[in-house]
Undergrad: 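Supplied in structure tokens, the structure appears directly below.
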Protein chains: 2
Amino acid sequence: MSGYAFRHKVAGNGGRQIFSIHMKGDVVDLHNSILRRADHNVQALTAIDVALIPALAIRQLAADRPLVGQAMWYETLVDAAIFREWTLNVGRRDARARTAHLRCEFALRLPVAGLGSQSDYVLPMTQEHLADALALTSVHVNRTLQALQSEGLIERTKRVVRVIDFAKLARVGDFDDRYLHLDRIQEVRRPRRN
Amino acid sequence: MSGYAFRHKVAGNGGRQIFSIHMKGDVVDLHNSILRRADHNVQALTAIDVALIPALAIRQLAADRPLVGQAMWYETLVDAAIFREWTLNVGRRDARARTAHLRCEFALRLPVAGLGSQSDYVLPMTQEHLADALALTSVHVNRTLQALQSEGLIERTKRVVRVIDFAKLARVGDFDDRYLHLDRIQEVRRPRRN
DNA sequence: CGAAAACTTGATTCCGTTCAACACATGTGG
DNA sequence: CCACATGTGTTGAACGGAATCAAGTTTTCG
């Protein structure tokens, strides 16, 4: 309902990987609650207000109202699409592109949730959080952010991000918004009445 | 219906990331067909036989028979769980662990599909495919496989994989099968009648 | 049988890590 | 409201794991 949360998993060597950042309006934990066994952790990033929904109620809802069930299924599909892009990001892009890519993603996602604009938004992740989302060290994230800033692509004061040149940042970050399936989100948020 | 396929995405720098390998029995392309826009590629790994199902029929089926719809939703959730683990694998494990982890995953998944056993299975991926799944180069995959072999953890002749010591391999690969949600698969494959 | 694909090996390079120290902000209890 | 502790961000130097480049060899398959 308010605040930010994230999902992550910790490897045996102590490394942590963050998979997703969630904001107000997101249904955060469908995965762990619908499948019986949890396979990852959900954690608050800031102080948050949450609404708890019993897993059973979700299952019931999906059964009783197929369209709602379908909407939740779609949500899961979009979720998976974002996971895929993050895997690509972590696996096949260098630090510079990875970092730029993440910034681009939030420049688009936060406005959809009514939080900031494409060129100015607040993202309460520390550099260590960023490191764990990008599979880098916080030291290298720091250097990479500085590099992007000195190139005039972004500015940052504390946790406020300003995107100076989105098009250029998108090019650097090899960013293509298709994977976010934003059209789908619009549709769910503002359903057509028929 | 037979053969192997995989899903992947290509970054702007030419790097390819493989997300998943599919085998007979898998519903491969729910993601691209249910969401309207494709955000990744599906490709045959071997000669394959496939059954084509119109997206509309799937949507209809999900709407008309909620339990089937639910089953497909669960499938998507498990899919996403595997993506998460792969992200962790690529992001936070070194080449040795990554490679061992992949071997472990298939040692469990292939038997479920009735293809080989935990200790002996055929996986028709070239080292280049492995490289793109593990976010390494094929050169490094080659060296890593040799290392695992010389440690006596696996053997390999062509595409046949023999797991000598699963427990040890699982330790090296930081492998915990929870993310596969195999109990769930069992349930779907052999549904209870009531 | 011959060409292409896949695999192997060695030498070198580089991106990101590691380690370590320090600066600055944040916040809390006394 | 200060004193102190902790968390976060910054910087530098050295190291290392995997990439790159290049040249083989072996396998596959038409």
Undergrad: Is A:Thr137 close enough to C:dT17 that one of its side-chain N or O atoms is under 4.0 Å from OP1 or OP2 there?
TA: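 Yes, A:Thr137 has a side-chain N/O under 4.0 Å of OP1/OP2 on C:dT17.
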
Undergrad: In the hydrophobic cluster built from side-chain contacts under 4.5 Å, what are the other members alongside A:Val42?
TA: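 Taking Ile, Leu, Val, Met, Phe, Trp and Tyr as members, A:Val42 shares its hydrophobic cluster with A:Val28.
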
Undergrad: Note the angle between the end axes of the helix from C:dC1-D:dG30 to C:dG30-D:dC1, five pairs defining each, rounded to 10 degrees.
TA: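 Both end axes considered, the difference amounts to 50°.
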
Undergrad: Looking at B:His129 versus B:Phe6, is the centre-to-centre ring distance below 6.0 Å?
TA: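 Yes, the ring of B:His129 comes within the 6.0 Å limit of the ring of B:Phe6, centre to centre.
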
Undergrad: Kindly give the cluster partners of A:Val90, where membership spreads through any ILVMFWY side chain lying under 4.5 Å from a current member.
TA: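 Besides A:Val90, the cluster holds B:Val90.
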
Undergrad: Rounded to the nearest 0.5 Å, how far apart are OG1 of A:Thr76 and OH of A:Tyr74?
TA: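 Output value for this atom pair is 11.5 Å.
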
Undergrad: Using a cut-off of strictly less than 4.0 Å between a heavy atom of the residue and any atom of DNA chain D, enumerate the qualifying residues of residues 86-102 of chain B by number.
TA: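 Heavy-atom cutoff 4.0 Å gives B:Asp94, B:Ala95.
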
Undergrad: Can you tell me how far P of D:dC21 sits from NE2 of B:His140, to the nearest Å?
TA: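 For the pair B:His140 NE2 and D:dC21 P, the rounded distance is 17 Å.
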
Undergrad: For B:Asp132 and D:dA19, give me the distance from atom CG to atom P, rounded to whole Å.
TA: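 From B:Asp132 CG to D:dA19 P: 11 Å.
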
Undergrad: Just jot down the side chain to side chain contact (heavy atoms under 4.5 Å, CB included) partners of B:Pro124, sequence neighbours excluded, or say none.
TA: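 Scan of B:Pro124 (side chain to side chain contact (heavy atoms under 4.5 Å, CB included), adjacent residues dropped) gives B:Tyr4, B:Leu45, B:Thr46.
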
Undergrad: Clusters formed by hydrophobic residues whose side-chain heavy atoms approach within less than 4.5 Å: which one holds A:Val122, and what are its other members?
TA: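 Via sub-4.5 Å side-chain contacts, A:Val122 links to A:Val160.
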
Undergrad: With sequence neighbours excluded, tell me which residues meet side-chain hydrogen bond (donor to acceptor under 3.5 Å, both in side chains) with A:Gln60.
TA: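 Partners of A:Gln60 under the side-chain hydrogen bond (donor to acceptor under 3.5 Å, both in side chains) test: none.
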
Undergrad: Show me the protein contacts with nucleotides 4-13 of chain C, counting only N or O atoms at under 3.5 Å.
TA:
from   : atom 1 : to       : atom 2 : distance (Å)
C:dA6  : O3'    : B:Arg159 : NH2    : 3.0
C:dC7  : OP1    : B:Arg159 : NE     : 3.2
C:dC7  : OP1    : B:Arg159 : NH2    : 3.1
C:dC7  : OP2    : B:Gln127 : N      : 2.7
C:dT8  : OP2    : B:Gln127 : NE2    : 2.7
C:dT8  : OP2    : B:Asn142 : ND2    : 2.2
C:dT8  : O5'    : B:Asn142 : ND2    : 3.0
C:dT9  : OP2    : B:Gln146 : OE1    : 2.4
C:dT9  : OP2    : B:Gln146 : NE2    : 2.9
C:dG10 : N7     : B:Arg143 : NH1    : 3.0
C:dG10 : O6     : B:Arg143 : NH2    : 3.4
C:dA11 : N6     : B:Arg143 : NH2    : 3.1

Undergrad: Sort and list the pairs that fulfil salt bridge (Lys or Arg N to Asp or Glu O under 4.0 Å) and have at least one residue in residues 76-85 of chain A, not counting sequence neighbours.
TA: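 For residues 76-85 of chain A, and leaving out neighbouring residues, the salt bridge (Lys or Arg N to Asp or Glu O under 4.0 Å) pairs sorted by first residue read A:Arg7-A:Asp79, A:Arg84-B:Asp39, A:Glu85-A:Arg93, A:Glu85-B:Lys9.
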
Undergrad: Listed by chain and number, what are the ring pair (Phe, Tyr, Trp, His ring centres under 6.0 Å) partners of A:Phe175, not counting sequence neighbours?
TA: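 Expected list: A:His101, A:Tyr179.
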
Undergrad: Are there over 12 heavy-atom neighbours, none belonging to A:Arg65, within less than 6.0 Å of that residue's CZ?
TA: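 Counting neighbours around CZ of A:Arg65, 12 or fewer heavy atoms of other residues, nucleotides or ligands fall under 6.0 Å, so no.
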
Undergrad: Do other residues, nucleotides or ligands put more than 12 heavy atoms under 6.0 Å from the CD atom of A:Gln127?
TA: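 More than 12 heavy atoms, drawn from other residues, nucleotides or ligands, come within 6.0 Å of this atom.
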
Undergrad: Run the salt bridge (charged side-chain N to carboxylate O under 4.0 Å, His left out) test against A:Arg37 and tell me which residues pass, sequence neighbours left out.
TA: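 Checked A:Arg37 against salt bridge (charged side-chain N to carboxylate O under 4.0 Å, His left out); zero matches.
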
Undergrad: Under 4.0 Å, heavy atom to any atom of DNA chain C: which of residues 2-15 of chain B qualify?
TA: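 None, since no heavy atom is under 4.0 Å.
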
Undergrad: Between B:Asp132 and A:Arg92, does any side-chain N to carboxylate O distance fall below 4.0 Å?
TA: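 Between A:Arg92 and B:Asp132 there is a salt bridge, with a charged N closer than 4.0 Å to a carboxylate O.
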
